[in-house]
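These notes are about the structure you will find just below.
Labels below follow one simple rule: chain letters A, B, ... track the order of the sequence lines, proteins then strands, and each chain is numbered from 1. Values reported hereafter were calculated over all heavy atoms of this structure, with side chains retained and with hydrogens, waters and symmetry mates removed.
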Amino acid sequence: MSSDVISRYKKAKQIIESGKDAFVSKYDCKNTVGEVIELYSHLKPGESKQESISICGRIIAIRKHGKLTFADIRDQTGDIQLYLDKKRIGDIYDFFDLLDIGDWISIEGYPIRTARGEFSIMVDKVALLTKSLRPLPEKWHGLKDKEVRYRYRYLDLISNPKVKETFTKRSKIINLIRQFLISEGFMEFETPMLQSIPGGATAKPFKTHHDTLDMDLFLRIAPELYLKRLIIGGYEKVFELNRNFRNEGISYRHNPEFTMLEVYQAFVDYREMMNLTQKIILYIMDNLVEDKKISYLENEIDINPPWREMTVLNSIEKFAGVKLSFEMTRNKVSKIADEIGVNFDEKLGVGGIINRIFEKKVENKIIQPTFITDYPKEVSPLAREHSKNPNLTERFELFIGGIEIANAFSELTDPLDQRIRFEQQLCTEEIETEMDEDFIRALEYGMPPTGGLGIGVDRLVMIMTDSASIRDVILFPHMRSKKE
RNA sequence: GAGCCGUUAGCUCAGCUAGGUAGAGCGUCAGACUUUUAAUCUGAGGGUCGCAGGUUCGAUCCCUGCACGGCUCACCA
């Protein structure tokens, strides 16, 4: 045990032995720091106001000057300086000597602006609410060790104001998405996280087992197939904003559990989903930032509409410099892929290879908000075939800052076509799965024309908080367990 | 899964190229101090140098393995 911790335990013991509680159950604070600053910060240097206020907060700095002590405390609304004068408060002053940075306290006093101009509380009473037994990271350099920051995120939140800002923003973004969709007449539903056939995307699922039913279950990789059942059931505007789980690689934009928004609306197509995507993001921007320009990593991003729109093929031509078409032979396309150094699975057809080229050569180059359209049917098993080209689907993805943010399509409502697509998928898929007969059955009862949209919420938060890694927008990213 | 890098005091970091059992700043502890805000001044304490082996008279330093982490790649519609 370090000397810092020993010294804090000693102080706690001393406090308890003096008959005080070191971990009290409650305290009714009259004021918050933010409130007090708002009400009284107009005071001029040397002025005070004889009005009693009480605040609860954590001590974040102490500056002792003999018979005078300055300390800073923080609550959720801000920081404020305490001014303690031994001559005024005697025993209470001595008690404060036993307190450390990190302790939670309540104080009573009155507002004053010091001669030096710092707005403060002249303290009359101090009570300890919770004794902190471990020293917080040093304030000047903060906490930098990424392992410690991720493992003990609460320390990160205390030490690094920017981190706290990021997660505050995240909370607001989630709230704004719900607010917007509900105001547009959508209803939020919760569909199964435990699924017997993991569907709605192609990804390796986490597997688990239900003992009573004695059946294997999978954590969902997407809610899609259940939300569509709600459309079949007669709800016309639905969404779900919650976690998905994919048992795959971890990267700056992949986390095994991540937050996804899925929206479905009856009687509209992917074009309307495009409008909706733009409206959701602009609504968030309007409520979070002053103008519609954000900087992400090294780039300035202009969110002002209209956003660029480009087909998969055009974007490949622009960013990879090769001209492709879906009418080319597989041989020709695979040769071009080889030439530009894109490797691919041998099972892929023309559409699959083109999609692979897009992913490898184009995606991360699309910085400004851009809708990419005309995705190959081969890689879109749940999307409706394009009305003008049987090789394509009515689908788009939105890219911002080189990251895929959204994916949407006119949903495939034809159960016969859906069965064929699933069968094709089962042939090429390496992941062991089976035909989702129950979903086909649901389609057979009739799904109205429907537009569907998925937004990767973590990624959207990354863009809006200038975060380079998804781990910087997920509070408690997964880590291997470490024996202390 | 692969490659590269990292792990030294509570925190942020030096030290290792020359192998001889470790340093700084902040924090902590003791003392001084009635206007500080990275307070200041004086003094003190604080380390299994990630873990385990190997080489060596001697290893924080060189070698091997392991653990954990970071970054990049691979995987991933």
Side-chain angles (χ1 to χ4, degrees), chain A residues 1-8 10-11 45-46 60-72 79-88 93 100-102 112-120 122 132-152 155 158-160 200-205 221-222 246-256 258 312 343 345 348 351-352 354-356 358-360 363 372 375-383 393 395 397 404 407 409 425 428-431 454 456 468-469 471 477 479-484:
Chain A
M1 200 185 278
S2 80
S3 60
D4 305 52
V5 177
I6 291 167
S7 131
R8 282 164 182 250
K10 275 188 193 157
K11 287 176 183 171
I60 54 164
I62 300 174
R63 297 175 292 281
K64 289 180 181 169
H65 295 258
K67 297 187 178 67
L68 205 61
T69 291
F70 298 97
D72 299 331
D79 298 357
I80 197 166
Q81 175 169 276
L82 304 182
Y83 186 156
L84 296 98
D85 185 346
K86 178 156 179 157
K87 219 164 99 188
R88 282 173 43 83
Y93 191 91
D100 292 297
I101 288 168
I112 181 170
R113 190 175 285 281
T114 65
R116 286 281 173 97
E118 180 71 18
F119 182 62
S120 311
M122 179 62 82
S132 161
L133 296 173
R134 287 177 186 263
L136 293 175
E138 181 237 330
K139 60 177 175 277
W140 186 244
H141 295 94
L143 182 63
K144 290 187 177 167
D145 187 315
K146 282 197 180 174
E147 184 173 356
V148 178
R149 288 185 42 216
Y150 293 151
R151 261 184 218 285
Y152 310 109
L155 295 178
I158 295 167
S159 300
N160 299 315
T202 310
K204 195 179 165 202
I221 54 176
R246 296 185 185 176
N247 200 347
E248 283 170 1
I250 293 173
S251 80
Y252 72 95
R253 58 198 165 93
H254 295 92
N255 196 64
F258 63 99
V312 168
N343 64 331
D345 194 306
L348 292 182
I354 287 175
N355 183 60
R356 176 87 183 159
F358 172 76
E359 284 173 10
K360 287 285 140 190
E363 277 193 10
I372 300 292
Y375 278 80
K377 192 157 133 186
E378 188 183 332
V379 296
S380 317
L382 296 158
T393 50
R395 173 181 173 188
E397 288 191 348
E404 178 196 337
N407 179 20
F409 28 88
Q425 200 187 355
T428 54
E429 215 35 67
E430 283 171 20
I431 294 155
S469 165
R471 309 192 107 198
M479 295 261 179
R480 284 198 170 88
S481 54
K482 195 176 184 181
K483 283 165 194 136
E484 291 285 340

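Note on S7(A): only backbone sugar-phosphate atoms sit closer than 4.0 angstrom, heavy atoms only; bases stay farther off. I250(A) comes within 4.0 angstrom of a base, heavy atoms only. Residue Y150(A) is in sugar-phosphate contact alone, with no base atom involved, counting any heavy-atom pair closer than 4.0 Å across all strands shown. Among the atoms of the strands shown, only primed sugar atoms or phosphate atoms (P, OP1, OP2) are found under 4.0 Å from some heavy atom of G142(A). At a threshold of 4.0 angstrom between heavy atoms, the contacts of A61(A) with the nucleic acid are absent. Among the heavy atoms of the strands, none lies under 4.0 Å from R88(A).
Rounded to whole Å, the P atom of G58(B) lies 29 Å from the corresponding atom of A67(B). Annotation: A52(B) and C11(B) have their C1' atoms spaced 28 Å apart (nearest Å). A gap of 23 Å separates the C1' atoms of G45(B) and A38(B), to the nearest Å. Across C68(B) and U28(B), the matching P atoms stand 35 Å from one another, rounded to whole Å. U12(B) and G27(B) have their P atoms separated by 15 Å, given to the nearest Å. Comparing the P positions of G47(B) and G54(B) gives a spacing of 27 Å, expressed to the nearest Å. Nucleotides C73(B) and G46(B) place their C1' atoms 43 Å apart, quoted to the nearest Å. Atom P of C71(B) sits at a distance of 36 Å from the matching atom of C29(B), rounded to the whole Å.
Nucleotide C33(B) holds its P atom 10 Å from the NZ atom of K86(A), rounded to whole Å. In this structure, the NZ atom of K146(A) is 17 Å from the C1' atom of C13(B), given to the nearest Å. Between L133(A) atom CG and U28(B) atom C1' there is a gap of 15 Å when expressed in whole angstrom units. What separates NZ of K144(A) from P of U12(B) is a distance of 8 Å, to the nearest Å. Straight-line distance from the NZ atom of K204(A) to the P atom of C76(B): 12 Å, rounded to whole Å. The nearest whole Å value for the distance from the CG atom in D4(A) to the C1' atom in C29(B) is 9 Å. Atom NE2 in H65(A) sits about 13 Å away from atom P in C41(B), given to the nearest Å. L84(A) has its CG atom 15 Å from the P atom of U35(B), to the nearest Å.
Comparing U35(B), U37(B), C29(B) by their nearest atom to the side chain of R63(A) picks out U37(B). Nearest to the side-chain atoms of R480(A) among the listed nucleotides A77(B), U12(B), C68(B) stands C68(B). Of all nucleotides listed (U28(B), U34(B), A77(B)), U28(B) comes nearest to the side chain of K11(A). With A77(B), U34(B), U12(B) as the candidates, the nucleotide lying closest to the side chain of E404(A) is A77(B). Checking C75(B), C29(B), C11(B) against the side-chain heavy atoms of N343(A) singles out C75(B) as nearest. When distances run from any side-chain atom of Q425(A) to the nucleotides U37(B), A77(B), G27(B), the shortest one goes to A77(B). Nearest to the side-chain atoms of R356(A) among the listed nucleotides G70(B), C76(B), C13(B) stands C76(B). Checked against U34(B), G25(B), A77(B), the side chain of E397(A) finds its nearest nucleotide in A77(B). When distances are taken from the side chain of K360(A) to each of C76(B), U12(B), C68(B), the shortest belongs to C76(B). Ranking U12(B), C76(B), G69(B) by closeness to the E248(A) side chain, first place goes to C76(B).
Heavy-atom minimum distance, P137(A) versus S159(A): CG-OG, 3.4 Å. Contact between V379(A) and R395(A) at its shortest, heavy atoms only, is O-NH1, 3.2 Å. Across all their heavy atoms, G117(A) and P45(A) have their closest contact at CA-CG, 4.2 Å.
One finds a side-chain N or O of R471(A) lying less than 4.0 angstrom from the OP1 or OP2 phosphate oxygen of G70(B).
Note: Y83(A) and F70(A) have tilted aromatic rings, judged against thresholds of 30 and 60 degrees for the angle between ring planes.
A salt bridge does not link D85(A) with K67(A): none of the charged nitrogens is closer than 4.0 Å to a carboxylate oxygen.
With a 3.5 Å ceiling on both atom-pair distances, the Watson-Crick or G-U wobble partner of G10(B) is C26(B).
For H141(A) against C26(B), a side-chain-to-base donor-acceptor contact under 3.5 Å is absent. A donor-acceptor contact under 3.5 Å is formed by the side chain of E118(A) with the base of U37(B).
Each of E118(A), M122(A), Q81(A) was evaluated against I112(A); a single residue qualifies, M122(A), per the side-chain contact (heavy atoms from CB on, under 4.5 Å) test.
Along RNA chain B, the nucleotide nearest to K64(A) and the one nearest to S251(A) differ in position, and the one closer to the 5' end is contacted by K64(A). Between P135(A) and D72(A), the residue whose closest nucleotide on RNA chain B is further toward the 5' end is P135(A).
For the pair R471(A) and Y150(A), the cation sits on the ring face: its NZ or CZ lies under 6.0 Å from the ring centre, inside 45° of the axis. Cation-pi contact between R113(A) and F119(A): absent, since separation from the ring centre below 6.0 Å together with deviation from the ring axis within 45° is not met.
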